[in-house]
Amino acid sequence: MEEMAPRLEGLLLPSIADVSVLSLDVSNEAIRIDACSTADRAACPDCGSESTRVHSSYLRFPADVPSGGRLVVLQLRVRRFFCPEPSCARRTFAEQMPGLTRRHSRWTERLRSTLAAVGLARPDGTGLRGVRQPQRGVTAARCIA
């Protein structure tokens, strides 16, 4: 499994920089991926100042696209940083993983683009109706926004 980890990481999280897969569990029903950021700093979304001071961390479970017919359960360890700029109104902020997450989103960027493509490609104009949706209240407009 040790020599397979880098290959699986590249297949499951392609072109996503600064993300490390901590563990991977594959069963008949699901693929569980535990991952974290390897970046040593993050930029404040308000003032843009970079910080290396970690405030805390928490787990985030964004929905992702299935892989090989299996549900993908993604568990991300996300850190909160202190903003180093005294004049900034934001005291702490959560790191984002570009290409994987976005602020306040419960979906990965892959799932968001897949749902948007399905919603826009349906020829009968039904959008996402009839497509198994990852959570309640999903509309095509919310996928593309």
Side-chain angles (χ1 to χ4, degrees), residues 1-85 88-122 126-145:
M1 180 68 178
E2 289 295 322
E3 64 271 357
M4 285 184 59
R7 281 196 341 213
L8 286 172
E9 188 172 324
L11 287 171
L12 295 170
L13 301 172
S15 69
I16 297 174
D18 298 328
V19 175
S20 175
V21 173
L22 302 175
S23 69
L24 184 67
D25 181 34
V26 180
S27 70
N28 289 335
E29 299 83 32
I31 300 171
R32 180 187 169 103
I33 305 169
D34 294 336
C36 68
S37 173
T38 58
D40 60 344
R41 63 189 69 233
C44 174
D46 286 355
C47 69
S49 298
E50 290 199 340
S51 176
T52 57
R53 284 186 56 210
V54 176
H55 174 274
S56 59
S57 67
Y58 62 95
L59 294 176
R60 188 172 173 184
F61 297 89
D64 198 10
V65 293
S67 179
R70 294 182 175 122
L71 176 69
V72 173
V73 179
L74 185 58
Q75 176 179 298
L76 297 177
R77 170 70 58 186
V78 178
R79 297 172 294 178
R80 290 194 68 79
F81 286 87
F82 287 103
C83 181
E85 187 60 42
C88 183
R90 187 178 295 266
R91 298 283 182 231
T92 65
F93 59 92
E95 69 182 332
Q96 298 302 315
M97 298 173 194
L100 188 59
T101 61
R102 104 175 25 176
R103 287 181 66 195
H104 308 294
S105 180
R106 295 181 183 185
W107 302 338
T108 61
E109 289 298 309
R110 280 191 303 204
L111 180 59
R112 176 179 300 282
S113 63
T114 301
L115 289 175
V118 168
L120 294 174
R122 301 273 309 243
T126 58
L128 293 176
R129 283 180 289 182
V131 176
R132 185 175 171 268
Q133 299 172 2
Q135 35 176 243
R136 299 167 71 186
V138 176
T139 63
R142 286 182 65 193
C143 290
I144 353 180

Which heavy atom of Ala43 sits nearest a heavy atom of Gly48, and at what distance?
-> CB-O, 4.0 Å
Any side-chain heavy-atom pair from Leu22 and Cys36 closer than 4.5 angstrom?
-> yes
Go through the steps to decide whether Val26 and Arg32 satisfy the test side-chain contact (heavy atoms from CB on, under 4.5 Å), and finish with yes or no.
-> CA-CA 6 Å; Val26 180; Arg32 180 187 169 103; over 6 Å; no
At what distance, to the nearest 0.5 angstrom, does CG of Asp18 lie from CD of Glu95?
-> 9.5 Å
Reported OG-to-CH2 distance for the pair Ser113 and Trp107, which is rounded to 0.5 angstrom = 11.0 Å
Ile31 side, atom CD1; Leu24 side, atom CG - distance, nearest 0.5 Å = 7.0 Å
To the nearest 0.5 Å, atom CG of Leu100 lies from atom CG of Leu76 at 5.5 Å
Roughly how far, to the nearest 0.5 Å, is CD1 of Ile33 from CG of Asp64?
-> 6.5 Å
Test applied, side-chain contact (heavy atoms from CB on, under 4.5 Å); reference residue, Thr108; option that passes from Thr114, Leu74, Val72 = Leu74
Determine yes or no for a side-chain-to-main-chain donor-acceptor pair under 3.5 angstrom, with Ser105 supplying the side chain and Thr101 the backbone.
-> no
Gap between atom CZ of Arg79 and atom CZ of Arg41 - 0.5 Å precision = 11.0 Å
Taking every heavy atom of Arg103 against every heavy atom of Pro45, the minimum-distance pair comes out as NH1-CB, 4.0 Å
Selection residues 43-59 - residue pairs positive for side-chain hydrogen bond (donor to acceptor under 3.5 Å, both in side chains), sequence neighbours left out = Asp46-Arg90, Ser57-Arg77
Verify the distance criterion only: is there a donor paired with an acceptor across the side chains of Arg102 and Gln96 at less than 3.5 Å?
-> no
At their closest point, which heavy atom of Val54 faces which heavy atom of Phe82, and how far apart are they?
-> O-CE1, 3.9 Å
